[in-house]
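Bear in mind the structure is a predicted one, so any value in this text is a computation, not a measurement. Sequence lines set the chain letters: A, B, ... in the order given, protein chains first and strands last, and positions in each chain run from 1.
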Protein chains: 2
Amino acid sequence: MASTDPLKRALKKEGLRYTQQRQSVWDELCATDDHRDAEEIYLAIRQSELHVSRATVYRTIDVLVKNKMVRKLDLGDGRARYEHKMNATHHDHLICIQCGKIEEFVDEVIESRQDEIVKNFGYKLVRHIHQLFIICDECKTP
Amino acid sequence: MASTDPLKRALKKEGLRYTQQRQSVWDELCATDDHRDAEEIYLAIRQSELHVSRATVYRTIDVLVKNKMVRKLDLGDGRARYEHKMNATHHDHLICIQCGKIEEFVDEVIESRQDEIVKNFGYKLVRHIHQLFIICDECKTP
DNA sequence: TATATTCTGAGACTCATTCTCAATAAGAAA
DNA sequence: TTTCTTATTGAGAATGAGTCTCAGAATATA
Ligand SMILES: [Mn+2]
Ligand SMILES: [Mn+2]
Ligand SMILES: [Zn+2]
Ligand SMILES: [Zn+2]
């Protein structure tokens with residue numbers, strides 16, 4: 001019965017126990033499609049009755065990232081951000097350098113070009129980071 | 001006579017004084033084409049007779065980055081890396097996830113595709129980060 | 001030379017993240 | 001269920017890159 005539950009499946013695979021805390025971290029990450037940092041996840045869970053520590057939030061996120069349920073983003077502002085990968089396809093990000101707003105983009109031309117570049121070097125692409133920094137409409141002073 | 005010296009020109013423009021310490025940081029950054037962190041720059045200068053503090057290394061690098069003489073890179077390993085931009089054209093990086101080796105690439109197709117993506121959103125591209133993580137030949141176990 | 005201003009270095013500080021370890025909870029076994 | 005073993009948790013200490021402070025040193029200006 002646990003095989004359809006991605007959290008339980010991942011924990012079993014890792015030889016880890018299922019706990020309320022781990023469930024709450026995963027639930028909170030899935031609650032929005034935002035790109036939030038660990039503190040935001042921590043505070044959101046604290047809003048509810050459940051008690052979770054920062055350490056547990058970080059530790060659980062690590063498991064989720066390792067099992068490809070969550071993506072970790074480094075947007076250059078000194079703290080990692082996370083987004084769940086439930087029924088999400090690969091995409092990269094546009095970031096407003098003024099307000100931090102994040103938008104997503106996909107471009108097949110770039111994706112295949114990346115593979116080609118790496119192939120020309122004789123390597124294999126493991127992963128990539130592609131971020132476009134812009135100034136969004138609200139932040140543009142006319 | 002100072003107008004041909006990029007350091008003196010930048011310092012003048014910023015209303016800052018020319019000092020031995022600032023010269024040494026710039027010299028050390030130009031000494032190699034590597035992508036080094038602040039500690040490496042600091043230690044390299046210390047190898048010579050000149051005394052420089054970490055604070056001054058960081059402060060000087062900030063001035064150089066602001067004046068586009070040096071590029072700051074965030075390769076995801078927790079500390080910033082720097083490369084001088086003397087007679088260097090724009091490029092992005094391939095990084096070995098095993099040994100950290102860095103190689104450079106340029107791709108005009110990707111560069112123009114980026115502009116197009118951003119234009120479709122109605123924005124203007126300020127800067128971008130594009131990193132391809134691979135496993136290099138030496139790190140590949142056959 | 002005298003005076004005003006900027007720079008510098010040592011080390012304190014910040015802040016996200018990781019670590020420690022005693023108390024607690026999960027789950028296997030009985 | 002109760003017991004027993006082991007993993008998990010939380011509080012706060014530790015870490016580490018980078019920043020800040022401030023008194024003394026250096027530089028520019030008069
Ligand atoms: Mn996203
Ligand atoms: Mn480079
Ligand atoms: Zn904005
Ligand atoms: Zn390698």
Nearest-Å distance, CZ (B/Arg54) to P (D/dT19)? 14 Å

Just to confirm, is there a sub-4.0 Å distance from OP1 or OP2 of C/dT17 to any side-chain nitrogen or oxygen of A/Tyr58? yes

Please work out if B/Arg17 contacts a base, only the sugar-phosphate, or nothing of the nucleic acid, heavy-atom cut-off 4.0 Å. base

Whole Å only: how far is the CG atom of A/Leu7 from the P atom of C/dA26? 14 Å

Is the ring centre of B/His35 less than 6.0 Å from the ring centre of B/His84? no

Side chain to side chain donor-acceptor pair (under 3.5 Å) between B/Gln131 and B/His93: does it pass, once the steps are laid out? CA-CA 5 Å; B/Gln131 300 171 345; B/His93 297 96; 5.8 Å; no

With distance as the sole criterion, do the side chain of B/Arg59 and the base of C/dG9 form a donor-acceptor contact below 3.5 Å? yes

Short of 4.0 Å, heavy atom to strand atom, which residues of residues 18-32 of chain A count as contacting DNA chain C? A/Tyr18

Has B/Glu40 got a side-chain atom pairing as donor or acceptor with B/Asp37's backbone, closer than 3.5 angstrom? yes

Nearest-Å distance, CZ (B/Arg36) to C1' (D/dA17)? 18 Å

Between B/Leu16 and A/Ala80, which is nearer to the 5' end of DNA chain C once each is assigned its nearest nucleotide? B/Leu16

Quick one: A/Tyr82 OH to C/dA16 P, roughly how many Å, whole number? 12 Å

With distance as the sole test, does A/Arg22 use its side chain to make a donor-acceptor pair with the main-chain N or O of A/Arg17 at under 3.5 Å? yes

Separation of A/Arg79 atom CZ from C/dT14 atom P, in whole Å? 18 Å

Which whole-number value in Å describes the distance from B/Leu11 CG to C/dC7 C1'? 12 Å

Interatomic distance where CZ belongs to A/Arg81 and P belongs to C/dA16 [whole Å]: 11 Å

Just N and O in the side chain of A/Thr56: are any of them under 4.0 Å from OP1 or OP2 of D/dG10? yes

How are the rings of A/Phe105 and A/His130 set to each other: parallel, tilted or perpendicular (split at 30° and 60°)? perpendicular

Quick test of your reading: applying side chain to side chain donor-acceptor pair (under 3.5 Å), list the pairs with at least one residue in residues 49-59 of chain B, sequence neighbours left out, ordered by first then second residue. B/Glu39-B/Arg54, B/Arg46-B/His51, B/Ser53-B/Thr56

On DNA chain D, nearest-nucleotide positions of A/Gly15 versus B/Ala55: which is more 5'? A/Gly15

Could you walk me through whether B/Glu28 and B/Tyr42 satisfy the side chain to side chain donor-acceptor pair (under 3.5 Å) test, starting with their C-alpha distance in whole Å, then the side-chain angles of each, then the deciding distance to 0.1 Å, before giving a yes or no? CA-CA 9 Å; B/Glu28 187 50 49; B/Tyr42 166 73; over 6 Å; no

Sidechain-backbone polar pair: B/Glu116 side chain, B/Glu111 backbone, donor-acceptor under 3.5 Å: no

Residues from residues 39-51 of chain B lying under 4.0 Å of DNA chain C - heavy atoms: B/Arg46, B/His51

Before giving the answer on salt bridge (Lys or Arg N to Asp or Glu O under 4.0 Å), spell out for A/Glu138 and A/Lys101 the whole-Å C-alpha distance, their side-chain angles and the decisive distance to 0.1 Å. CA-CA 10 Å; A/Glu138 282 99 67; A/Lys101 189 171 78 179; 3.4 Å; yes

Atom CG of B/Asp77 to atom P of D/dG18: distance rounded to whole Å? 9 Å

